[in-house]
Amino acid sequence: MKQAHRERFQVKCSHMEPKLVCVKQAYQMPVGSRLTVRGWVRSRRDSKGISFIELNDGSRFKSLQLVVNEGVIPEELLKRITTGACIAATGELVESPAPGQPVELRVEHIHLYGEADPATYPMQKKGHSFEFLREIAHLRVRGNTFGAVFRVRNTLAYAIHKFFQERDFLYVHTPIITPSDCEGAGALFRVTTLDLENPPRTPDGRIDWSQDFFGRPTYLTVSGQLEAEVFALAFGKVYTFGPTFRAENSNTPRHLAEFWMVEPEMAFYELPDNMRLAEEFLKYIIQYVLDNCREDMEFFHQRIDNTVLSTLEHVATASFEHITYTEAIQILQKAERDWEFPPVWGNDLQTEHERYLTEEAFKKPVIVTDYPKEIKAFYMRLNDDGRTVRAMDVLVPRVGEIIGGSQREERYDVLLQRIRESGLNEQDYWWYLDLRKYGSAPHSGFGLGFERMLMYITGMKNIRDVIPFPRTPGNAEF
RNA sequence: UCCUGGGUAGCUCAAUGGUAGAGCGGGUGGCUGUUAACCACCAGGUUGCAGGUUCGAAUCCUGCCCCAGGAGCCA
């Protein structure tokens, strides 16, 4: 009876209009459904009287196997369906007789949207080096690794918004173009409409920036923090999530000239509250990716870094280590190690020091707080000792500093003093100082490098492989 | 920017002063409900660029360009 019912159902199905679905949906459809899927061919394998096409549309890691029996489509068309080609396929979803996939599509019809000449199409079935794939960033996204990277990137971005929105944070869009050198350090990209071949000059021969578009020098932002503080002192809890630009000539696997940063800023938060939020935040977004990108994460675990799943599961549950800078220096000085730079109180922690702390001393994320004021930014709140500031750096294995933050200096006189000490022009910070003059409050915040987080989660070793089109010194292709 | 290593076929690499090769990919044919398929044959090169040394340079020397890793800067 049941069998007869199913046969009748399938006959009925075969007369139904095919349903247009993505590959991810196709795997969830009942056997017997008539479907149309569209995507890009990963590979074609021919046998006597039968061909197998792997079709991927980016909707999930796994491709859908299309089965083409001889004579169903013209031989001439089949030959043009090669790796990289874009097609639509219509057919019936059937159980697969072979291991490797639960279901497959028995093809009735194929439409070829766009061919991909196999003699010149650079993506091969076999693995390529990441260095080579960077040169073809417009095509690398069709491969397994970059498919997984950018699905995880999407999910991570969503998790970040979800975390803050669930906690009543306001998402604020801080400006991309700013007049201020926020950190007081670091090279900026200048924004100008002046004719660089023949710029207007002042009587003493200098470039006359007053004739520039904004009537003053402007730059691409290196941080939205100062503007986020404005919003924190009106909305309480806010965050920014946007592009950030650094013109440093950094050539490392951890630096980009254009990257994305998440910067929460909270009124009434002191440093311990800030630390608690950072830890809760990291655990939440890691757990969200583990729960929602299982298939992609298993790929990273198998092919990229076989410690990635266990590390993330550990981080999502273990508590972070908390130490002060002073304690960190003591630990480093006691360590039996030949340091290239011996740890000395007053000097910044070197990469080798940070890695020792997080990878060897504690083997988990470490939050280091209360750095000497000389090595941190002017806006960080001065401790009562007068020597240290309420800074915090979150260090994680392999990536190093993933979060940098602090409690902000909310006392007008102290902040003014720090601005002057740092050699900054206090007039440039008039509105920032005003925040301390009118209704000031203790407040804190931090910055998370989005791509660094993505490296940590995926195990990818180079930051240029977790952003769609990396901008680094000497490279702005695409 | 500094230090180190590298640049040879579409890709990944070999050839250590003496005829530029292999695997993969590509083409052709064969075989097979295939799974990074398999077998055979074929095509494929300004050895990063410019000079120099040498009878002879992928190989040695000089300069430049590009890539990667480490450092600094930082997220």
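Keep in mind the model is a prediction, meaning the values are calculated, not measured.
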In terms of ring plane angle, is the pair A:Phe378 and A:Tyr432 parallel, tilted or perpendicular, where the classes change at 30° and 60°?
perpendicular
Sticking with atom P, work out how far B:rC49 lies from B:rC66, rounded to a whole angstrom.
15 Å
Reading 5' to 3' through nucleotides 27-39 of chain B, protein heavy-atom contacts under 4.0 Å coded B for base, S for sugar-phosphate only, - for none:
S---SBBBBBB--
Does the side-chain ring of A:Phe259 sit on the six-membered ring of the B:rA75 base, less than 5.5 Å centre to centre and under 30° in tilt?
yes
Over all strands shown, is A:Ile403 touching base, sugar-phosphate only, or nothing at heavy-atom distances under 4.0 angstrom?
sugar-phosphate
In terms of relative ring orientation, are A:Phe446 and A:Phe281 parallel, tilted or perpendicular, with 30° and 60° separating the classes?
tilted
Quiz question: by atom type and distance under 3.5 Å, do the side chains of A:Glu298 and A:Gln302 form a donor-acceptor pair?
no
Does the ring center of A:Phe241 lie less than 6.0 Å from the ring center of A:Phe450?
yes
Protein-nucleotides 66-71 of chain B N/O pairs under 3.5 Å:
residue: B:rA68; atom: OP1; partner: A:Arg134; partner atom: NH1; Å: 3.0
residue: B:rA68; atom: OP1; partner: A:Arg464; partner atom: NH1; Å: 2.6
residue: B:rA68; atom: OP2; partner: A:Arg464; partner atom: NH1; Å: 3.2
residue: B:rG69; atom: OP1; partner: A:Asn462; partner atom: ND2; Å: 2.9
residue: B:rG69; atom: OP2; partner: A:Asn462; partner atom: ND2; Å: 3.4

How is A:Glu401 classified with respect to the nucleic acid when contacts are heavy atoms under 4.0 Å: base, sugar-phosphate, or nothing?
sugar-phosphate
Span that lies between the P atom of B:rA20 and that of B:rG44, in whole angstrom:
15 Å
If the P atom of B:rU59 is compared with that of B:rG18, how far apart are they to the nearest Å?
11 Å
Mind checking the P distance from B:rA9 to B:rU46? Whole angstroms is fine.
9 Å
For B:rU47 versus B:rA58, give the span between their P atoms, rounded off to a whole number of Å.
7 Å
Could you give the distance separating B:rA40 and B:rA50 at their P atoms, to the nearest angstrom?
40 Å
Only Watson-Crick and G-U wobble pairs with both distances less than 3.5 Å should count. Give RNA chain B in dot-bracket notation, marking inter-strand partners with |.
(((((((..((((....[..)))).(((((.......))))).....(((((..]....))))))))))))....
Mark yes or no: A:Arg38 above the aromatic ring of A:Tyr113, with NZ or CZ under 6.0 Å from the six-membered ring centre and no more than 45 degrees from the axis.
no
Under 3.5 Å, is there an N or O donor on one side and an acceptor on the other linking the side chain of A:His255 and the base of B:rC74?
yes
Can you tell me, in whole Å, how much space there is between the C1' of B:rC13 and that of B:rC3?
26 Å
What is the distance from atom CD of A:Glu108 to atom OG1 of A:Thr90, rounded to the nearest 0.5 Å?
7.5 Å
Rounded to whole angstroms, how far apart are OH on A:Tyr121 and C1' on B:rG10?
14 Å
Would you say that more than 12 heavy atoms from the other residues, nucleotides or ligands in this model lie under 6.0 Å from the CD of A:Glu75, or not?
no
Using whole Å, what does the distance between atom P of nucleotide B:rG26 and atom NE2 of A:His128 come to?
10 Å
A:Tyr239 and A:Phe169 aromatic ring geometry - parallel, tilted or perpendicular at 30°/60° bounds
perpendicular
Atom OH of A:Tyr456 to atom P of B:rA75: distance rounded to whole Å?
19 Å
Please give, in whole Å, the distance from B:rC74 P to A:Tyr371 OH?
12 Å
Distance, rounded to the nearest Å, where A:Met455 contributes CE and B:rA75 contributes C1':
11 Å
Just wondering, are more than 12 heavy atoms of other shown residues or ligands nearer than 6.0 Å to CZ in A:Arg190?
yes
How long is the line joining CZ of A:Phe132 and P of B:rC11, in whole Å?
5 Å
Whole angstrom is fine here: how far is it from CD1 in A:Ile375 over to C1' in B:rC74?
13 Å
Counting only heavy atoms not in A:Arg471, do more than 12 fall under 6.0 Å of its CZ?
yes
Grab the CZ-C1' distance between A:Phe450 and B:rC74 for me, whole Å please.
19 Å
Have a look at A:Asp370 and tell me which of A:Thr324, A:Thr388, A:Asn383 forms a side chain to side chain donor-acceptor pair (under 3.5 Å) with it.
A:Asn383
A:Ser59-A:Gln25 side chain donor-acceptor pair, cut-off 3.5 Å:
no
What integer number of Å spans the C1' atoms of B:rA57 and B:rU16?
12 Å
A:Phe130 vs A:Phe146 aromatic rings, parallel, tilted or perpendicular, using cut-offs 30° and 60°?
perpendicular
